[in-house]
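What follows is one structure encoded as structure tokens, with my remarks underneath.
Lettering of chains follows the sequences in order, A, B, ..., and the numbering in each one begins at 1. Fair warning: this is a prediction, and the values are worked out from it, not measured in the lab.
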Amino acid sequence: MIWKIGFTALNFLILLFLVFPLLILIIVSFTNANFLTFPPEGFSLKWYIQMFEDSSFMEAFKFSAILATISTTISVIIGVPASQVIARKNFIGKNIVMNLISSPLLLPQIFLGVSLLQFFYYFTNTPANIWSLIISHVVLTLPYIIRTCTSTFVGFDQSIEEAAEDLGANKIKVFFLVILPIIKTGIIAGALFAFAISWINVEVTIFLSSPDQMALPVKMFNYVQYTIDPIIAAVSAITIYIAFALIVIIDHLAGIENIASE
Amino acid sequence: MSKKQVYIMLIPTILVMLVFFMFPLLVVLYNSFLGSDGSLTLESYKTFFTDPYYYSVLGTTLKISILTTIITLVIGYSIAYYVTRVIKKKWWKRISYIIIISPLFTSAVVRSFGWMIILGNNGFINNLLMNLGIINSPISLLYNEVGITIGLIYILAPFMILSLISVLQNIDRNLDDAASDLGLTPFKTFIKVTFPISYPGILSGSVMVFSLAISAYVTPAMMSGGKVEVLAMLVYDQMMQVFNYQLGSSISFIMLFVSLVILALNNYLLKSDWAQEGNR
């Protein structure tokens with residue numbers, strides 16, 4: 001009994017350890033003081049207001065959102081058909097293709113950043129632009145999309161599809177009217193996860209960021225190297241709210257436990 | 001689906017991965033062997049392995065990564081076991097999952113920044129300890145190896161926890177009943193049954209955490225305050241400040257090489273008797 005209570009208490013502490021930094025950031029973001037302390041002094045929303053008035057942070061928010069949306073969309077468009085084939089067909093070189101797709105997950109991300117920078121440098125003297133970033137983030141997100149979508153397709157009953165075809169639907173109709181409604185939630189959950197991967201990435205993005213177009217995490221990273229003030233705590237807190245919103249949506253769609261055990 | 005359709009559906013993905021992943025990788029490999037005069041040499045590798053400073057950076061990185069892996073394993077096992085086998089209430093299980101996963105949805109910058117507020121000289125821990133009268137002057141928890149290690153443990157713990165959860169939740173609970181029917185105490189059941197079956201999860205979690213730790217950039221860069229250097233910071237400096245692409249490439253390859261060796265070791269051990277023990 002004592003063991004059991006002790007073990008439960010220990011794990012409460014570990015869970016606390018996992019939320020603590022995020023909670024601290026949310027708490028200090030409401031400080032009224034002009035510097036960061038814990039516990040914070042007073043309560044105000046002034047750092048949030050300042051953040052919304054700071055155009056450089058707003059630009060970074062916008063830039064990151066655009067980057068993550070475009071690259072996730074591209075990954076979904078090219079990844080979903082590929083997942084369907086991988087989940088259902090046997091073809092020559094299937095193993096090689098699967099290894100090729102999963103290897104970015106194993107490779108150090110900073111390595112990916114270094115290699116993409118050098119690659120783009122071969123074609124242009126200014127590799128830091130939105131196009132190279134979009135391509136890099138497709139490489140980053142595509143493996144996640146394919147992994148989640150493949151498992152969705154594996155659990156899919158193909159006889160429904162055959163039935164639709166027997167009733168005279170063509171391939172395109174079958175995809176949009178039969179397959180898509182069934183795999184939709186799987187794709188959306190995977191896409192949200194991929195969006196998050198792109199949205200929080202620094203290790204690859206930092207190599208391809210120019211000073212005038214900076215993704216939010218890179219902007220924050222550069223900012224905290226020189227200044228630590230409550231405005232950055234407010235920015236951090238906003239990203240934490242967004243993270244929780246994404247998780248709640250994914251949990252609602254696919255069940256957080258399914259995502260966790262994949 | 002005809003053969004033709006299969007290839008049409010696969011080609012975009014394969015093209016993206018070949019052109020923007022495999023090919024850039026080869027570019028780095030090629031550059032790492034490029035001398036300053038444009039010929040192929042081992043110059044940059046020689047530079048790395050003959051300079052005691054670079055050597056010490058490699059040592060620091062390995063030390064921090066090993067420590068991080070061990071501690072995340074201990075913490076991760078405890079919480080993974082708790083979530084999969086102890087928690088009975090559904091809502092609490094769900095909240096635990098959300099707590100475990102949510103750090104993965106915020107950037108390493110935000111998470112490290114949170115720790116800077118906690119560990120700094122004016123931070124939460126030092127204030128707390130001084131108010132309680134346990135210490136008189138702040139202890140340095142930030143801008144040293146301790147800070148980097150705490151940050152990395154935090155950043156990488158979810159990866160370890162998730163890979164342990166995926167193994168632990170698939171263990172047949174009947175095994176527990178069988179073991180207790182045979183007269184084993186719960187503790188002995190854990191040591192003799194559950195723990196051996198979870199070896200594959202321990203292995204894959206440790207490999208993942210270790211290779212992420214040796215290549216981590218953001219957390220060490222923030223938590224070191226420039227006072228400690230790790231491999232990834234060397235790579236960044238060579239690429240973006242010194243503009244020595246050759247040396248930057250070879251250091252990143254050394255980093256990649258270490259994680260590939262660990263990965264190969266992992267695959268070997270997974271197939272070996274040791275990991276299979278629980279399945280026999």
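- Residue Ile24(A) touches chain B through its side chain alone, counting heavy-atom pairs closer than 4.5 Å.
- Options Asn170(B), Leu29(B), Ile118(B), Ile251(B) differ in how many heavy-atom pairs under 4.5 Å they form with chain A, and the most are formed by Ile118(B).
- Glu203(A) and Tyr217(B) get closest at one heavy-atom pair: OE2-N, 3.0 Å.
- Heavy-atom pairs under 4.5 Å with chain B peak, among Leu112(A), Ile242(A), Ile228(A), Leu142(A), at Leu142(A).
- In terms of non-hydrogen atom pairs under 4.5 Å with chain A, the most contact-rich of Met116(B), Arg111(B), Arg94(B) is Arg94(B).
- If you measure heavy-atom distances from Phe12(A) to chain B, the contacts under 4.5 Å come from the side chain alone.
- Taking 4.5 Å as the limit, every side-chain heavy atom of Ser252(B) sits out of range of all side-chain heavy atoms of Ile110(A).
- Contact annotation for Ile135(A): only side-chain heavy atoms (C-beta onward) come within less than 4.5 Å of a heavy atom of chain B.
- Proximity to chain B (any heavy atom under 4.5 Å) is restricted, for Ile86(A), to the side chain, taken from C-beta onward.
- Comparing Phe91(A), Trp3(A), Phe17(A) by heavy-atom pairs within less than 4.5 Å of chain B, the highest count is held by Phe17(A).
- In this structure, chain B has heavy atoms under 4.5 Å from both the backbone and the side chain of Ala233(A).
- Phe221(A) touches chain B through backbone and side chain together, each having a heavy atom under 4.5 Å away.
- By number of non-hydrogen pairs under 4.5 angstrom with chain B, the leading residue of Leu13(A), Val28(A), Leu107(A) is Leu107(A).
- Looking at Thr8(A), the atoms closer than 4.5 Å to chain B (heavy atoms on both sides) sit in the backbone and in the side chain alike.
- Contact of Ser259(B) with chain A is made through the side chain alone, with heavy-atom distances under 4.5 Å.
- Most heavy-atom pairs under 4.5 Å with chain B: of the set Ala196(A), Pro104(A), Ala82(A), this distinction falls to Pro104(A).
- Between the side chain of Thr13(B) and the backbone N or O of Ile78(A), at least one donor-acceptor pair lies under 3.5 Å.
- Chain A forms more heavy-atom pairs under 4.5 Å with one residue of Asn127(B), Val28(B), Leu104(B) than with any other, namely Val28(B).
- With chain B as partner, the option from Val248(A), Val114(A), Leu23(A), Ile77(A) having the largest number of non-hydrogen pairs under 4.5 angstrom is Val114(A).
- Side-chain contact check for Thr239(A) versus Ser107(B): every heavy-atom pair is 4.5 Å or farther apart.
- Proximity of Phe119(A) to Phe21(B): side-chain heavy atoms (C-beta onward) are nowhere separated by under 4.5 Å.
- Scored by the side-chain contact (heavy atoms from CB on, under 4.5 Å) test, Tyr122(A) finds Val27(B), Tyr30(B), Asn31(B) as partners (sequence neighbours excluded).
- Counting only heavy atoms from C-beta outward, the side chains of Ile206(A) and Tyr236(B) approach each other to under 4.5 Å.
- The candidate from Ile214(B), Val167(B), Thr106(B), Val16(B) with the greatest count of non-hydrogen atom pairs under 4.5 Å with chain A is Thr106(B).
- Per-residue heavy-atom pair counts under 4.5 Å with chain B were compared for Val202(A), Val139(A), Leu15(A), Val19(A), and the maximum is reached by Leu15(A).
- Considering only heavy atoms from C-beta on, Phe105(B) comes within 4.5 Å of Ile250(A) through its side chain.
- Contacts between residues 83-93 of chain B and chain A, counted as heavy-atom pairs separated by less than 4.5 Å, involve Val86(B), Trp92(B), Lys93(B).
- With chain A as partner, the option from Asn122(B), Ile75(B), Ile11(B) having the largest number of non-hydrogen pairs under 4.5 angstrom is Ile75(B).
- Taking every heavy atom of both residues into account, Ser102(B) and Phe244(A) meet most closely at CB-CE2, 3.7 Å.
- When heavy atoms are compared at a cutoff of 4.5 Å, Ser103(A) approaches chain B by way of both its backbone and its side chain.
- Residue contact with chain B, scored on non-hydrogen atoms closer than 4.5 Å, involves the side chain of Tyr121(A) exclusively.
- For the pair Tyr245(B) and Leu117(A), the minimum side-chain heavy-atom distance is below 4.5 Å.
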